[in-house]
Engineer: 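There's a structure below that I have some questions on.
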Amino acid sequence: MTPEEILEQLKQKFGDAITESEVKGVEVRLTVKPEQSWEVCRLVRDIGFEYLNCISGADWMTHLEVVYDLSSLQHPNKAHLRVPVDRDNPVVRTVTDIWRGANWHERECYDLFGVRFDGHPDLRRILLPEDWAGYPLRKDYTDERLVPYTDYGMEEKVAKAEGEKAAPKEARSLQPPTPTKPATA
Amino acid sequence: MEKPIPIGTTVVMERTGETMEEMYVNMGPQHPSTHGVLRLMLKLDGEYIIDCIPYIGYLHRCHEKIGENRNYTQIIPYTDRLDYLASMSMNFGYVLAVERLMGQKIPERAEYMRVILAELQRIASHLIWLGTFGLDLGNFTIFMYCFREREMVLDLFESVTGQRLNYSFYRIGGMPMDFPDTFLTDCQAFLAWFKPRLPEYDAIMTDNILFQKRVQGVGISPPQVAVEYGLSGPMLRACGIKWDLRRNEPYSIYDRFEFDIPVFDTCDVWARYMVRRREMEESVKIVEQALAQLPPGEVMAKMPKTIKPPAGQIYSRAESPRGEIGFYIVSDGSPKPYRYKVRSPAYVNLSALPEMLKGCLVADCVAVLGSVDIVLGEVDR
């Protein structure tokens, strides 16, 4: 079965629930409404994606997203499902009854993003202590111990080096550079 | 906080029908056979384990959060610390993910270097597993033998990278430097030494009747359960499923080599032992072929100074000694990833441990746990 056929089959059954879709190589990429995510997941499993690779979360500031990466041990196709959920009340139905391995993935997503999985048999924090406050992988999470990213002027240095390379040789004199010299040529 | 277990709860035991106090045994987090800091709550019915609850996270180091606050090159040393017994494979998986996201091609010679180092790393990782697994079961000799050979692999790595454990040697776009002149002869000398050692391990472990009795028929995970849980690597191949990403989804240049995928279908600790034992032979084959074919040339592609993959996302996977190491990266076109997630094989394999332990004797718990081959650095990230 080609990825296009798989997408067609999914669209026939859940045309309203699938808001975006794309085929990239052997991968079918879908965006699914959270209300019907469980039904879509079950159909995807029945089509032949019996192997759950990973469930991850992502914080897009406007909403959270639960991402399912699925594949099969029988054919080379892959599926990539994205389920946007509300940021203030993130609830999505669990898929532990479809793939048992989803248990720890969902616990991790709950732990780090605060997405609640409705019907999960054992929804507790898994990596962090039980009494931890907040969900660290959300973008607005703050901790004074976290060292934020800085590029140490790398962008500027690169631009300057490239500018100097582009400039003719004689322009590089032994005189100290004048402050008015632009950073990029 | 977790719920305290009510003391003195009486339950009817399923096996004998007796009414007795429910018994929990706490294994870890400071237990020598958990290979790190893992805590298992074992619920017992006499000598039999009826349930097991793993508690993890003692080694959580905020890998993903740090990754989202570093640029793509700065993440490489952090990936070493995921699976510290197979740093090369972790580096490999990560740089592969970024290169796939960028659509970057790397020079031939660098591809061969990557495969040679990753396969030597697989041998080293399986050796340390075999040694500590033997130690768990009370066989001290195999531990000394395995560590002797692993030391030689580490010496090879030291000659190439200058490091013995956390190499950080893979770069996005190739390798930072070529092999030293002595490497090819040293590596061949090691393989010549190592191949006759494998029958020695067989004499100590495989043919040992005590060892066989200890591991056969223990810790069963049927193929159905293995697929539902998403087990990968030797754990999956020990369930009779012939699945190896090096063969089924060839990345890098793995499609150029002849090697077998060892599969055993008894689904028990014995099968996992045999798969890993046979995989060492296959890795030797791959290294030999790669050394013979090693082309001359550059080892690093021409890369921009700051690495900015185009906006997009990718889930990329590779075969580490423990199974499928996956990296999910979302790029927004800036020098650091917007979302960076690691799917670690040992985390998923460990989640199926309760399933395997049910019905086992307490004494077999260590054997089953050892056969999963966990590295807590990777489980807790």
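Within every chain, numbering begins at 1; the chains are lettered A, B, ... in the order of the sequence lines, protein sequences first and strands thereafter.
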Engineer: At a heavy-atom separation under 4.5 Å, does Lys24(A) approach chain B through its side chain, its backbone, both, or neither?
Structural biologist: neither
Engineer: Quick one: side chain to side chain donor-acceptor pair (under 3.5 Å) partners of Asp265(B), sequence neighbours excluded?
Structural biologist: none
Engineer: Given that the side chain runs from C-beta out, which part of Lys65(B) has a heavy atom under 4.5 Å from chain A: side chain, backbone, both or neither?
Structural biologist: both
Engineer: Using a strict cut-off of less than 4.0 Å between a Lys/Arg side-chain nitrogen and an Asp/Glu carboxylate oxygen, indicate whether Arg124(A) and Asp122(A) qualify as a salt bridge.
Structural biologist: yes
Engineer: List in chain and number order the residues that pass side chain to side chain donor-acceptor pair (under 3.5 Å) with Asp140(A), two or more places apart in sequence or in another chain; answer none if no residue qualifies.
Structural biologist: Arg87(A)
Engineer: Against chain B, work out which of Asn53(A), Asn103(A), Asp69(A) has the most heavy-atom pairs shorter than 4.5 Å and name it.
Structural biologist: Asn53(A)
Engineer: Is the gap between the ring centers of His75(A) and Phe49(A) under 6.0 Å?
Structural biologist: yes
Engineer: Name the option with the most non-hydrogen atom pairs under 4.5 Å to chain A; the candidates are Asn69(B), Ile56(B), Leu350(B).
Structural biologist: Asn69(B)
Engineer: By a 4.5 Å heavy-atom criterion (distance strictly below it), what part of Thr96(A) contacts chain B: side chain, backbone, both, or neither?
Structural biologist: neither
Engineer: Indicate, with yes or no, if the rings of Trp99(A) and Tyr51(A) have centres closer together than 6.0 Å.
Structural biologist: no
Engineer: Got a salt bridge between Asp83(B) and Arg322(B), using NZ or NE/NH1/NH2 to carboxylate O under 4.0 Å?
Structural biologist: yes
Engineer: With a 6.0 Å cut-off (strictly less than), is the heavy-atom count around CD of Glu39(A), excluding the residue itself, greater than 12?
Structural biologist: yes
Engineer: Checking heavy atoms, do the side chain of Ile53(B), its backbone, both or neither come under 4.5 Å from chain A?
Structural biologist: side chain
Engineer: Shorter than 4.5 Å, heavy atoms on both sides: which option in Leu59(B), Asn71(B), Thr306(B) has the most such pairs with chain A?
Structural biologist: Asn71(B)
Engineer: Would you mind checking which part of Leu112(A) comes under 4.5 Å of any heavy atom in chain B, side chain (CB onward), backbone (N, CA, C, O), both or neither?
Structural biologist: side chain
Engineer: Please flag which part of Arg45(A) lies under 4.5 Å from any non-hydrogen atom of chain B: side chain, backbone, both or neither.
Structural biologist: neither
Engineer: For the ring pair Phe327(B) and Tyr94(B), is the centre-to-centre distance below 6.0 Å?
Structural biologist: yes
Engineer: For Glu249(B), is it the side chain, the backbone, both or neither that has a heavy atom under 4.5 Å from a heavy atom of chain A?
Structural biologist: side chain
Engineer: State whether a side-chain donor-acceptor pair under 3.5 Å links Asp111(A) with Trp132(A).
Structural biologist: no
Engineer: Where does Glu228(B) contact chain A at under 4.5 Å (heavy atoms): side chain, backbone, both or neither?
Structural biologist: both
Engineer: What residue, out of Glu355(B), Arg317(B), Gln74(B), has the most heavy-atom pairs lying under 4.5 Å from chain A?
Structural biologist: Arg317(B)
Engineer: Would you please indicate yes or no on a ring centroid separation below 6.0 angstrom for Phe113(A) and Tyr110(A)?
Structural biologist: no
Engineer: Considering only heavy atoms, which portion of Gln313(B) lies under 4.5 Å from any heavy atom of chain A: side chain, backbone, both, or neither?
Structural biologist: both
Engineer: Pick one of side chain, backbone, both or neither for Glu108(A), based on which atoms fall under 4.5 Å of a heavy atom in chain B.
Structural biologist: both
Engineer: Non-hydrogen atoms of chain A under 4.5 Å away: do they reach the side chain of Tyr58(B), the backbone, both or neither?
Structural biologist: neither
Engineer: For the pair Glu22(A) and Arg82(A), find out whether any cationic side-chain nitrogen is under 4.0 Å from an anionic carboxylate oxygen.
Structural biologist: no
Engineer: Please check if the distance between the ring centroids of His63(B) and Tyr340(B) is under 6.0 Å.
Structural biologist: yes
Engineer: Mind ranking Leu231(B), Ile66(B), Val379(B), Leu236(B) by heavy-atom pairs under 4.5 Å with chain A and telling me who comes out on top?
Structural biologist: Leu231(B)
Engineer: Top residue by heavy-atom pair count (under 4.5 Å) with chain B, among Ala102(A), Pro76(A), Ser56(A)?
Structural biologist: Ser56(A)
Engineer: For the interface with chain B, which of Asp59(A), Leu73(A), Leu52(A) has the highest count of heavy-atom pairs at distances below 4.5 Å?
Structural biologist: Leu73(A)
Engineer: Which bit of Val227(B) is near chain A, if near means a heavy-atom gap under 4.5 Å: side chain, backbone, both or neither?
Structural biologist: both
